[in-house]
> 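The structure is given below, and queries will be raised subsequently.
Convention: sequence-line order gives letters A, B, ...; per-chain numbering from 1.
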Amino acid sequence: MSDEQYDPQALQAKWQPRWEELDPFRAVEDAGDERPRRYMLDMFPYPSGDLHMGHGEVFAIADVVARYWFQRGYNVLHPIGWDSFGLPAENAAIKRNAHPAEWTYANIETQATSFKRYAISFDWSRRLHTSDPEYYRWNQWLFNRFFERGLAYRKGGLVNWCPKDQTVLANEQVVAGRCERCGSEVIRRELTQWYFKITDYADRLLDDMARLEGGWPDRVLTMQRNWIGRSEGADVRFEIEGRDEPVTVYTTRPDTLYGATFFVVAVDAPLAEEICDPERFSDFEAYRAEVAKLSDIERLSTDKDKTGVFLGRYAVNPVNGERIPVWAADYVLSDYGHGAIMAVPAHDQRDLDFAMKFELPVRVVLHTGMADPGETGVATAGEGTMVNSGPLDGLTKAEAIPRIIGILAERGTGAGAVNYRLRDWLLSRQRFWGTPIPIIHCADCGEVPVPDDQLPVTLPDLRGEALSPKGVSPLASATEWVNVACPKCDGPAKRDTDTMDTFVDSSWYFLRYCSPGFEDGAFDVDKVRLWGPIDQYVGGVEHAVLHLLYSRFFTKVLHDMGMVDFTEPFERLLNQGQVINQGKSMSKSLGNGVDLGEQIDAFGVDAVRLTMVFAGPPEDDIDWADVSAAASQKFLARAFRVMAEAGAASAPGVDTATGDLELRKVVHRTIDEVTRLVDSYRFNVAVARMMELTSAARKAIDSGPGAADPAVREAAETLAVMLSLVAPYVAEEGWERLGQPPSVARAGWPVAEPSLLVQESVTCVVQVAGKVRDRLEVSPSITAQELEELALASEKVRFHLDGTPRKVIVRAPKLVNIVP
RNA sequence: GCCCCCGUAGCCCAAUGGCAGAGGCAAACCCCUUAAAAGGGUUCCAGUGUGGGUUCGAGUCCCACCGGGGGCACCA
């Protein structure tokens with residue numbers, strides 16, 4: 001029995017510097033390296049301080065997979081970098097009267113130090129920071145490529161504005177009417193901003209998800225599908241009395257066209273103002289002003305009463321010539337479809353609510369067997385038979401839709417159409433700590449991109465108070481920086497003073513890792529061909545429609561540019577759960593925060609990592625109050641003693657075939673099962689198997705063949721390699737005690753011997769009417785017929801059975817069920 | 001309101017439609033010890049949220065409901 005204590009802190013102090021020398025996790029790019037390649041990526045961290053418990057979980061989980069791949073002999077790329085532009089650095093800089101870079105790079109160093117202690121299997125040679133000019137230069141270069149292709153454009157319009165952060169936001173960054181970052185209520189402002197034309201890729205973003213099925217969590221795919229929101233229907237042109245041009249509306253229910261009893265224009269659409277009857281204009285303006293005062297949360301609330309005003313005008317239904325009144329309302333959105341709708345109250349609940357409020361007619365055109373919506377207030381949206389619809393009468397909904405589209409097309413008053421909820425990606429931000437948009441505005445030449453050879457456009461040196469938000473970008477105050485000569489005509493011109501959304505930085509960083517120092521473009525196309533796409537991506541579900549959608553978009557554009565040969569960046573995606581405490585998210589106000597560094601100081605890196613992995617399935621939340629890092633530490637101490645005692649009792653290279661057979665069977669069954677469990681990402685169960693192996697070895701040492709038995713060495717060596725996925729320090733120490741050279745991380749994954757997996761006999765359960773009545777020890781290779789005979793011969797079975805059984809179900813060799 | 005996921009011992013979690021328990025925590029007890037700690041070991045505990053259905057057989061599949069979590073929610 002070893003009297004040595006397991007001292008995690010001592011092992012960390014011993015092995016961390018050794019690993020720095022050994023550098024065991026370098027990705028190899030030699031053409032001669034024949035090993036299959038794997039690319040593992042963790043969502044890179046934002047340097048907001050030191051690593052927290054959430055980082056502790058995600059990196060521990062991803063590292064199990066990465067280290068497993070290393071052990072399996074793959075050539076693994078597992079890089080690390082920092083998503084280091086962003087608002088918190090800027091706010092910290094204002095508070096401290098400093099430059100955002102000071103806070104940012106200090107935090108990066110803190111996190112890098114913590115990562116090294118946490119022993120994640122990174123290839124540190126590829127480290128990048130998005131706030132480095134060497135990185136963001138290529139954001140600008142990519143922006144220029146997008147601009148050339150018409151995928152980056154500037155337009156005016158209503159945008160989402162966060163009053164606290166004093167910047168515009170993309171639609172994806174507005175969650176339930178609030179700023180995704182700070183939670184403030186978002187308001188709408190009229191601004192001219194830069195956009196990426198992600199809507200051009202809506203169909204491909206949608207269609208390609210079919211290939212991600214199985215590799216990505218269903219809920220993320222669902223969220224992206226909902227976000228893109230493709231719908232099919234028809235555009236229908238309505239004449240407006242007194243207006244030359246007809247107005248087009250989009251509808252998913254062209255079959256109900258004969259049921260349109262009024263027409264609604266979005267109150268904030270220019271069309272509403274234009275077609276409003278002058279006598280009604282003051283009413284309209286008053287209503288519009290009222291709506292403008294509402295926040296999006298109020299405006300979009302579904303239980304809010306319908307509001308609107310009659311515009312004093314009439315639209316003409318193209319199929320029956322009927323005059324229907326035109327209203328303005330805020331339940332119609334100006335930026336979806338055409339900003340105007342035909343209202344069919346009988347078959348659309350929103351239209352019905354509006355019709356009831358303003359006493360507009362309700363006409364049923366689809367007989368569904370339900371009560372009259374005009375009476376009940378419940379619109380009928382289901383299937384049925386068309387009525388009151390001229391040529392459509394008698395058709396079903398499914399038949400009527402193509403028929404009416406055909407009729408409209410024939411008359412030139414409509415056509416089939418597709419619409420998306422997805423809007424273009426607004427990328428301008430009125431903040432400092434980001435990538436300057438590389439555009440120069442010239443009075444004569446317009447929007448002129450900064451020539452590639454003049455990139456990067458670096459940030460001017462602003463700090464402290466100069467960064468405080470003023471509603472326009474802080475860059476605007478750097479007059480020397482702003483005023484430049486136009487690259488085209490050399491005349492006086494001004495730089496664009498906005499910076500890019502930091503989601504631009506993260507949309508392609510995984511490509512940069514393949515050639516982090518590359519100077520002739522954003523990335524070396526050949527290197528990306530070598531490594532891409534990412535085999536496994538691991539990160540939080542909060543990016544389901546942000547980072548992940550943007551990255552998919554970038555990848556498709558780069559594919560169209562011939563720069564990458566794949567169309568989806570992430571083959572597999574794993575969303576780890578959150579670490580919570582006492583049933584709630586950790587927060588300062590609740591006072592339930594747990595500090596990762598303190599946990600490591602108390603229990604050691606290995607125990608914290610093991611706790612994260614063992615707590616449950618990786619996608620489940622971990623309640624830190626429900627798990628025990630102390631227990632993990634105890635297990636690791638047990639494992640340590642087994643390895644140390646085996647190492648002290650025998651030397652490497654023993655003939656394992658002479659070892660204790662019972663223990664050897666446990667070892668090889670464990671190898672077999674843990675391999676399958678890790679392959680299927682059931683890490684918590686894999687850890688349980690390692691615990692069982694440890695117990696079996698303990699028992700063999702204490703009350704079996706003893707520590708010197710070759711099977712004990714085999715068990716201990718197997719344990720060391722398996723543990724290296726989760727608890728690298730104790731695994732490395734154990735490996736050394738076993739007389740093996742470092743690093744255990746590259747020792748190679750053990751292979752189960754098939755001969756040790758077969759069992760000599762198995763217990764067969766014999767049921768009568770589903771109840772267990774006997775157990776038989778039988779050969780695993782027994783035939784169904786032999787087993788049936790054996791079971792029917794059983795005394796216990798016969799006791800519970802009178803007469804001949806009706807049926808006997810045999811599942812050799814494990815089960816027989818006799819139906820009396 | 002609509003859609004999705006999850007309900008297994010006091011707790012965290014296992015169980016290709018086939019004996020409900022692998023592992024851990026907590027608890028109790030035993031061994032070791034002058035004692036305690038550390039260590040080694042043993043034991044206790046649910047019939048799977050509820051009610052139906054399919055099946056020879058259901059924790060697992062289907063339906064409804066209850067409870068928890070998440071997503072979407074004037075997108076015509």
> Angle between ring planes, A/F354 versus A/F358, binned at 30° and 60°: parallel, tilted or perpendicular?
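The arrangement is tilted - the two ring planes meet at 30° to 60°.
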> For B/C72, give its Watson-Crick or G-U wobble partner with both distances under 3.5 Å, or none.
B/G1
> I want to verify a distance call: between B/G41, B/A38, B/A76, whose nearest atom is closest to the A/R698 side chain?
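From the listed options, B/G41 comes nearest.
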> If the glycosidic angle sits within 90 degrees of zero it is syn, else anti. Tell me which applies to B/G47.
syn
> Strictly below 4.0 Å, N to O, side chains only: are A/R676 and A/E673 in salt-bridge contact?
no
> Could you tell me how far B/C62 sits from B/A20 if I compare only their P atoms? Round to whole Å.
22 Å
> Regarding A/R669, tell me which of base, sugar-phosphate or nothing describes its non-hydrogen contacts under 4.0 Å with the strands shown.
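If one applies the 4.0 Å heavy-atom cut-off, A/R669 turns out to touch nothing in the nucleic acid.
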> What nucleic acid atoms does A/V808 come within less than 4.0 Å of, heavy atoms only: base, sugar-phosphate, or nothing?
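Nothing, no heavy atom under 4.0 Å.
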> Mind listing the N/O atom pairs, protein and nucleotides 55-62 of chain B, below 3.5 Å?
from: B/C56; atom 1: OP1; to: A/K807; atom 2: NZ; distance (Å): 3.4
from: B/C56; atom 1: O2'; to: A/N817; atom 2: ND2; distance (Å): 3.4
from: B/C56; atom 1: O2; to: A/N817; atom 2: ND2; distance (Å): 2.3

> Does the structure show a Watson-Crick or G-U wobble partner for B/G10, both distances under 3.5 Å? Name it, or say none.
B/C25
> Measure CE/A/M342 against P/B/C74 and give the value in whole Å, please.
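One finds 21 Å between P of B/C74 and CE of A/M342, rounded.
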> Which part of the nucleic acid does A/K634 contact within heavy-atom distance under 4.0 Å: base, sugar-phosphate only, or nothing?
sugar-phosphate
> Where along residues 212-220 of chain A does a heavy atom fall under 4.0 Å from RNA chain B?
A/R219
> At under 4.0 Å between heavy atoms, what does A/V772 touch on the DNA or RNA strands: base, sugar-phosphate, or nothing?
sugar-phosphate
> Produce the list of close N/O pairs, under 3.5 Å, pairing protein atoms with atoms of nucleotides 11-13 of chain B; give distances to one decimal.
from: B/C12; atom 1: O2'; to: A/A615; atom 2: O; distance (Å): 3.2
from: B/C13; atom 1: O3'; to: A/N684; atom 2: ND2; distance (Å): 3.4

> At 4.0 Å (heavy atoms only), tell me whether A/T222 reaches a base, stays on the sugar-phosphate, or touches nothing.
nothing
> What does A/S231 touch in the nucleic acid at a heavy-atom separation under 4.0 angstrom: a base, only the sugar-phosphate, or nothing?
sugar-phosphate
> My understanding is that a pair needs two contacts under 3.5 Å, Watson-Crick or G-U wobble. By that rule, which nucleotide pairs with B/U16?
none
